[in-house]
Colleague: 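Have a look at this one before I ask anything.
No hydrogens, no waters, no symmetry mates; every other heavy atom, side chains included, goes into these values. Lettering of chains follows the sequences in order, A, B, ..., and the numbering in each one begins at 1.
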Amino acid sequence: MTNSNPESPVTPSQVASTPNNFLGDIIAEDVRTKKYGDAQIQTRFPPEPNGYLHIGHAKAICIDFGLADQFGGKTNLRFDDTNPEKEEQEYVDSIMADVRWLGFEWDRLCYASDYFGQLYEWALQLIKAGKAYVDDLTADEIRQHRGTLTEPGKDSPYRDRSVEENLDLFTRMKAGEFPDGTRVLRAKIDMASPNLNMRDPVMYRILHASHQRTGDEWCIYPMYDYAHGQSDSLERVTHSMCTLEFTDHQPIYRWYIEQLGIFPTQQIEFDRLNITYTMLSKRKLLQLVKENRVSGWDDPRMPTLRGIRRRGFTPEAIRTFVAAAGVSRTNGVTDIEMLEHFQRDDLNHRARRAMAVLHPLKLVIDNYPEGQEEFVEVANNPEDPSAGTRQVPFSREVYIEHDDFREVPPPKYYRLSPGKEVRLRNAYFVTAQSVVKDAEGNVVEVHCTYDPLSRGGNSPDGRKVKSTMHWVSAAHAISAEIRLYGNLFAKADPYDLEEGQDVLDNLNPNSVEILLGAKLEPSLANAKLEDRFQFERVGYFCLDPDSAEGKLVFNRTLALKDSWAKEQKKAGA
RNA sequence: UGGGCGAUCGUCUAAUGGUAGGACAGUGCCCUUUGGAGGCACUUGUCCAGGUUCGAAUCCUGGUCGCCCAGCCA
């Protein structure tokens, strides 16, 4: 993937995959100054297994794995599984699969729960050093004692218990002698700190809950803030990248590391990925699934990796997009068009072309012999000659897109209309002659004549046509269900709410449109899952797993850019 | 309001005291057997006010605006 030879061609995506950013600058400097001696660069991707990964995680993954790779280091996948009440094996499995799908492989597979024993020992050590105490205050009382943003907190009345009493109480907490919520272990730091995170943070809470990995071995569980920094330290993570909201937690991690005298990991924060028309709250995403507002975590409208994968997005495009969007410390919102651009760019180069008519209109070629059929040769991908060609059947009756014929053409309309000659792609020139209408006056059939000399799509006399249209032979067409997807949210900023509204009130009511009458060229009957196609002049599509024997379902990944639609919009405006 | 973080084209992001550049979006033209793709061109920006300096997006001072923090969530 890296290219050190300046003479050899470098593709734009390669350039985009190794951008300069402030994280790389920091690591490069640390490598230069040998801050960690001869130790390799070590990073980690630390998801909590309480939901499916989404495009925002993809950014973190690309940063964690990408940066380590760039500097010859390694990356661990570590599950931050310190809250058994929210975490499930299902999520662990999906996260591993999704990381691999994105194209990354971890060095070590770790769990914060691997460190429960060590963390407990360290807690004992802190108690013995007079740096931690058991607090009997209720959650409510602890909150009240914490103070506010502007007022300092108050010491708990249990803050000055003896080491012996703390040791006794904490070991009994572990032994299961106390009910949930009755006591916690807290770090003795500073109740007056302007950083609320430092006002004697809770280290352990009592939770008689079964953990997906440790079962019932523990009934006390460490808080994230007590577990995270030490987990990094234990894995000798040199650079621990995380999102901006954890900036205020750095002092806690450092405090534990200093008190314990263990390996000092360096944490560096970066901005979260935000995308227009998209919502990346794990909690809200869960709600969408639970309330059946979408078909599941893998609904093609979901911003989950599972969802966009089913929609037809590729790991390559996601990685290119993440790199292009960049990383900084500003809170911004990236235009979803940027994601779509890199996905189209990727698919344009790789996707096999096919012809599919979404809204069929029958076109009868009056001077084409009845009962005759022939095959025309079509390039599988004009962008890639090595993709070869295929034979597509042609006959007297074909389907064309309803929108490709206008009885009364508007200005700048290049497609078929009475008396106008156009090209049926790779086949023949045809000229519209007459129409058949139903009782309501809708055009239901168009009759035309063709020029037999224009076989393949060119006339020997050099005649030009203004438009080329896709088509499917009616006699050979296969049917399929087509699902057209749009943005899940109606507003660029889903959180742009009226008083009393919820973000889910901004869901786009038209985020999916299902077409049942589409006609496709027969070769599409052989489509397999993960195959990607460009239906020419329409968009990029992939086979949906809902497909079954004799029942094809295609998802539209993205529509092709449409300058005619833009033209119409301008005319209408 | 206490603390932390941040502010560069419409959007995202470079420039690390020395020509404000790229990508996306937009506009126009060219090309085209996909109104796709491609090519060319164009437009638009350093939050504000002072200061230091030969020279400031960058350094200093003071404002303004935005984000995060008061879970026994992560």
Side-chain angles (χ1 to χ4, degrees), chain A residues 12 15-16 19-22 25 46-48 50 80-83 85-87 135 137-140 142-144 146-153 180-186 193-199 202-207 221 223-225 227-228 243-251 269 271 276 282-283 321 324-342 344-345 348-349 353 355 378-379 382-383 412-415 423-427 456-458 464-470 492 534-539 559-567:
Chain A
V15 171
N20 288 327
N21 63 50
F22 78 100
D25 292 346
E48 181 189 15
N50 69 341
D80 263 333
D81 55 349
T82 55
N83 185 356
E85 293 184 323
K86 290 188 178 171
E87 296 149 7
D135 197 343
L137 254 27
T138 65
D140 229 39
I142 287 180
R143 189 181 322 119
Q144 281 156 17
R146 186 153 30 229
T148 67
L149 293 178
T150 50
E151 303 155 25
D180 288 4
T182 51
R183 279 178 235 265
V184 292
L185 183 71
R186 301 179 73 177
S193 172
N195 180 347
L196 305 220
N197 294 121
M198 297 296 274
R199 319 245 262 226
V202 172
M203 296 163 60
Y204 272 93
R205 76 282 215 185
I206 302 173
L207 232 44
Y221 290 95
M223 296 290 291
Y224 171 86
D225 277 340
H228 192 77
T243 44
L244 253 19
E245 69 270 26
F246 292 104
T247 307
D248 288 343
H249 296 238
Q250 270 219 46
E269 308 85 8
D271 59 340
T276 54
K282 260 172 146 184
R283 205 185 105 249
F321 161 69
V327 51
S328 69
R329 292 176 66 90
T330 60
N331 310 88
V333 186
T334 300
D335 205 322
I336 196 167
E337 305 234 39
M338 198 186 281
L339 204 212
E340 296 177 347
H341 164 80
F342 287 106
R344 284 196 187 95
D345 187 54
N348 177 46
H349 293 288
R353 312 288 129 126
M355 289 195 287
V378 176
E383 298 288 325
K412 294 187 183 171
Y413 186 83
Y414 304 151
R415 279 110 96 149
R423 171 168 39 231
L424 291 182
R425 184 149 161 88
N426 295 111
N458 272 314
K464 300 285 186 201
V465 291
K466 193 80 172 153
S467 181
T468 299
M469 295 166 18
H470 59 104
Q534 183 199 99
F535 290 175
E536 289 198 85
R537 301 209 308 136
V538 180
L560 245 32
K561 292 221 286 188
D562 187 347
S563 56
W564 167 238
K566 196 180 283 182
E567 192 70 45

Colleague: Rounded off to whole Å, could you give me the OH-to-C1' distance for the A:Tyr414 and B:U34 pair?
Modeller: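 These atoms are roughly 15 Å apart.
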Colleague: Polar-atom pairs under 3.5 Å, protein N or O versus N or O of nucleotides 68-74 of chain B: list them with distances, or write none.
Modeller:
{"unit_1": "B:A70", "atom_1": "O2'", "unit_2": "A:Arg146", "atom_2": "NE", "d": "3.4"}
{"unit_1": "B:G71", "atom_1": "OP2", "unit_2": "A:Arg143", "atom_2": "NE", "d": "3.3"}
{"unit_1": "B:G71", "atom_1": "OP2", "unit_2": "A:Arg146", "atom_2": "NH2", "d": "3.2"}
{"unit_1": "B:C72", "atom_1": "OP1", "unit_2": "A:Arg146", "atom_2": "NH2", "d": "3.3"}
{"unit_1": "B:C72", "atom_1": "OP2", "unit_2": "A:Arg146", "atom_2": "NH1", "d": "3.2"}
{"unit_1": "B:C72", "atom_1": "N3", "unit_2": "A:Gly181", "atom_2": "O", "d": "3.3"}
{"unit_1": "B:C72", "atom_1": "N4", "unit_2": "A:Leu137", "atom_2": "O", "d": "2.9"}
{"unit_1": "B:C72", "atom_1": "N4", "unit_2": "A:Ala139", "atom_2": "N", "d": "3.1"}
{"unit_1": "B:C72", "atom_1": "N4", "unit_2": "A:Gly181", "atom_2": "O", "d": "3.1"}
{"unit_1": "B:C73", "atom_1": "OP2", "unit_2": "A:Arg205", "atom_2": "NE", "d": "3.1"}
{"unit_1": "B:C73", "atom_1": "OP2", "unit_2": "A:Arg205", "atom_2": "NH2", "d": "2.8"}
{"unit_1": "B:C73", "atom_1": "O3'", "unit_2": "A:Arg205", "atom_2": "NH2", "d": "3.2"}
{"unit_1": "B:C73", "atom_1": "O2'", "unit_2": "A:Asn83", "atom_2": "ND2", "d": "3.0"}
{"unit_1": "B:A74", "atom_1": "OP1", "unit_2": "A:Thr82", "atom_2": "OG1", "d": "2.7"}
{"unit_1": "B:A74", "atom_1": "OP1", "unit_2": "A:Arg205", "atom_2": "NH1", "d": "3.2"}
{"unit_1": "B:A74", "atom_1": "OP1", "unit_2": "A:Arg205", "atom_2": "NH2", "d": "3.0"}
{"unit_1": "B:A74", "atom_1": "OP2", "unit_2": "A:Tyr224", "atom_2": "N", "d": "3.0"}

Colleague: Specify the separation, in whole Å, of atom CZ of A:Arg353 and atom P of B:U32.
Modeller: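 Atom CZ in A:Arg353 sits about 19 Å away from atom P in B:U32.
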Colleague: Mind checking ring pair (Phe, Tyr, Trp, His ring centres under 6.0 Å) for A:Phe321 and listing every partner two or more places apart, or none if nothing turns up?
Modeller: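 Expected list: none.
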Colleague: Who passes side-chain hydrogen bond (donor to acceptor under 3.5 Å, both in side chains) against A:Thr148, sequence neighbours left out?
Modeller: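 Partners of A:Thr148 under the side-chain hydrogen bond (donor to acceptor under 3.5 Å, both in side chains) test: A:Thr150.
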Colleague: Give me the distances for all protein-to-nucleotides 27-30 of chain B N/O pairs that come in under 3.5 Å?
Modeller:
{"unit_1": "B:G28", "atom_1": "OP1", "unit_2": "A:Lys570", "atom_2": "NZ", "d": "3.3"}

Colleague: For A:Arg344 and B:U34, what is the distance between atoms CZ and C1' respectively, to the nearest whole Å?
Modeller: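 Distance, rounded to whole Å: 14 Å.
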Colleague: Take the protein atom CE of A:Met198 and the nucleotide atom C1' of B:G2, then report the distance between them rounded to whole Å.
Modeller: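 Whole-Å distance recorded here is 16 Å.
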Colleague: Categorize A:Val327 for me: base, sugar-phosphate, or nothing, with a 4.0 angstrom heavy-atom threshold over every strand shown.
Modeller: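 If one applies the 4.0 Å heavy-atom cut-off, A:Val327 turns out to touch the sugar-phosphate alone, with no base involved.
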Colleague: So does A:Glu48 pair up with A:Lys86, basic N to acidic O under 4.0 Å?
Modeller: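 Looking at A:Glu48 and A:Lys86, the cut-off is not met.
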Colleague: Along nucleotides 38-47 of chain B, 5' to 3', which nucleotides get a B, which get an S, and which get a -, given that the test is a protein heavy-atom distance under 4.0 Å?
Modeller: ----------
Colleague: Starting from C1' on B:U11, measure out to CD on A:Glu340 and report it in whole angstrom.
Modeller: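 It works out to 14 Å between those atoms.
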Colleague: Describe the nucleic acid contact of A:Arg329 in one word from base, sugar-phosphate, nothing, applying a heavy-atom distance below 4.0 Å.
Modeller: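 Sugar-phosphate contact only - A:Arg329 comes under 4.0 Å of backbone atoms but never of a base.
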Colleague: Which nucleotide wins on minimum distance to the side chain of A:Asp562, given the candidates B:G66, B:U34, B:G35?
Modeller: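 Of the candidates, B:G35 comes closest.
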Colleague: Between B:C24 atom P and A:Asp335 atom CG, what is the distance in whole Å?
Modeller: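 Result: 12 Å.
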Colleague: Could I get the full list of salt bridge (charged side-chain N to carboxylate O under 4.0 Å, His left out) partners for A:Arg186, not counting sequence neighbours?
Modeller: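 In terms of salt bridge (charged side-chain N to carboxylate O under 4.0 Å, His left out), with neighbours along the sequence ignored, A:Arg186 is linked to A:Asp135.
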Colleague: Who passes salt bridge (charged side-chain N to carboxylate O under 4.0 Å, His left out) against A:Glu567, sequence neighbours left out?
Modeller: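 Salt bridge (charged side-chain N to carboxylate O under 4.0 Å, His left out) list for A:Glu567, sorted by chain: A:Lys412.
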Colleague: Between B:G17 and B:G50, how far is it from one P atom to the other, in whole Å?
Modeller: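 Comparing P positions in B:G17 and B:G50 gives a spacing of 25 Å.
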Colleague: Output the rounded distance in Å from CD (A:Glu269) to P (B:G4).
Modeller: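 Going from CD in A:Glu269 over to P in B:G4 covers 14 Å.
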Colleague: In whole Å, what separates the P atom of B:U11 from that of B:C67?
Modeller: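 Straight-line distance between the two P atoms is 15 Å.
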Colleague: Just checking A:Phe535: base, sugar-phosphate only, or nothing, at a heavy-atom cut-off of under 4.0 Å?
Modeller: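 Nothing, no heavy atom under 4.0 Å.
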Colleague: Under 3.5 Å, which N/O atoms of the protein pair with N/O atoms of nucleotides 15-18 of chain B?
Modeller:
{"unit_1": "B:U16", "atom_1": "O4", "unit_2": "A:Asp25", "atom_2": "OD2", "d": "2.7"}

Colleague: Starting from Watson-Crick (N1-N3 plus N6-O4 or O6-N4) and G-U wobble pairs under 3.5 Å, report the runs of at least three that RNA chain B belongs to.
Modeller: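 For RNA chain B the paired stretches long enough to count as stems (3 pairs minimum) are B:2-7 with B:64-69, B:10-13 with B:21-24, B:26-30 with B:38-42, B:47-51 with B:59-63.
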Colleague: Indicate, with a heavy-atom threshold strictly under 4.0 Å, whether A:Val333 touches base, sugar-phosphate, or nothing.
Modeller: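 Sugar-phosphate contact only - A:Val333 comes under 4.0 Å of backbone atoms but never of a base.
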Colleague: Holding to side-chain hydrogen bond (donor to acceptor under 3.5 Å, both in side chains), I want the full list of residues that pass it with A:Arg205, two or more places apart in sequence or in another chain.
Modeller: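 Once residues adjacent in sequence are excluded, A:Arg205 has no partner under the side-chain hydrogen bond (donor to acceptor under 3.5 Å, both in side chains) criterion.
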Colleague: Name the closest nucleotide to the A:Leu560 side chain, picking from B:C67, B:C24, B:U34.
Modeller: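 Looking only at heavy atoms from C-beta outward on A:Leu560, the closest nucleotide is B:U34.
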Colleague: Ignoring hydrogens and geometry, is there a side-chain-to-backbone donor-acceptor pair from A:Ser193 to A:Asn195 under 3.5 Å?
Modeller: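 Flag set: sc A:Ser193 to bb A:Asn195 pair under 3.5 Å.
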Colleague: What does A:Glu383 touch in the nucleic acid at a heavy-atom separation under 4.0 angstrom: a base, only the sugar-phosphate, or nothing?
Modeller: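 Since a base atom lies under 4.0 Å of A:Glu383, the category is base.
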Colleague: Are the side chain of A:Thr276 and the backbone of A:Asp335 linked by a donor-acceptor contact shorter than 3.5 Å?
Modeller: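 Such a contact is absent between A:Thr276 side chain and A:Asp335 backbone.
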Colleague: So what does A:Gln534 hit on the nucleic acid, given a heavy-atom distance under 4.0 Å: a base, only sugar-phosphate, or nothing?
Modeller: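 Since a base atom lies under 4.0 Å of A:Gln534, the category is base.
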Colleague: Under the side-chain hydrogen bond (donor to acceptor under 3.5 Å, both in side chains) rule, collect the residues that match up with A:Asp80, sequence neighbours excluded.
Modeller: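 A:Asp80 satisfies side-chain hydrogen bond (donor to acceptor under 3.5 Å, both in side chains) with A:His228 only.
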Colleague: Taking the C1' atom in each of B:G45 and B:A20, what is the distance between them to the nearest angstrom?
Modeller: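 To the nearest whole Å, 9 Å.
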Colleague: Say you pick atom P in B:G18 and the same atom in B:A57; how far apart are they, in whole Å?
Modeller: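 The answer is 10 Å between these two P atoms.
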Colleague: Taking atom C1' in both B:A15 and B:A49, compute the distance separating them and give it to the nearest angstrom.
Modeller: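 Straight-line distance between the two C1' atoms is 25 Å.
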Colleague: Any donor and acceptor pair, going by atom type alone, linking the side chain of A:Glu87 with main-chain N or O of A:Asn83 inside 3.5 Å?
Modeller: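 Yes, A:Glu87 side chain to A:Asn83 backbone: donor-acceptor pair under 3.5 Å.
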Colleague: Test of understanding: with side-chain hydrogen bond (donor to acceptor under 3.5 Å, both in side chains), list the residues that count as partners of A:His249, not counting sequence neighbours.
Modeller: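 By the side-chain hydrogen bond (donor to acceptor under 3.5 Å, both in side chains) rule, A:His249 matches A:Asp225.
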Colleague: I need the CZ-P distance between A:Phe321 and B:U13, as an integer number of Å.
Modeller: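 So the two atoms are 11 Å apart, to the nearest Å.
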Colleague: When rounded to the nearest Å, what value does the distance between C1' atoms of B:U43 and B:G55 take?
Modeller: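 Per the computed distance, 29 Å lies between those C1' atoms.
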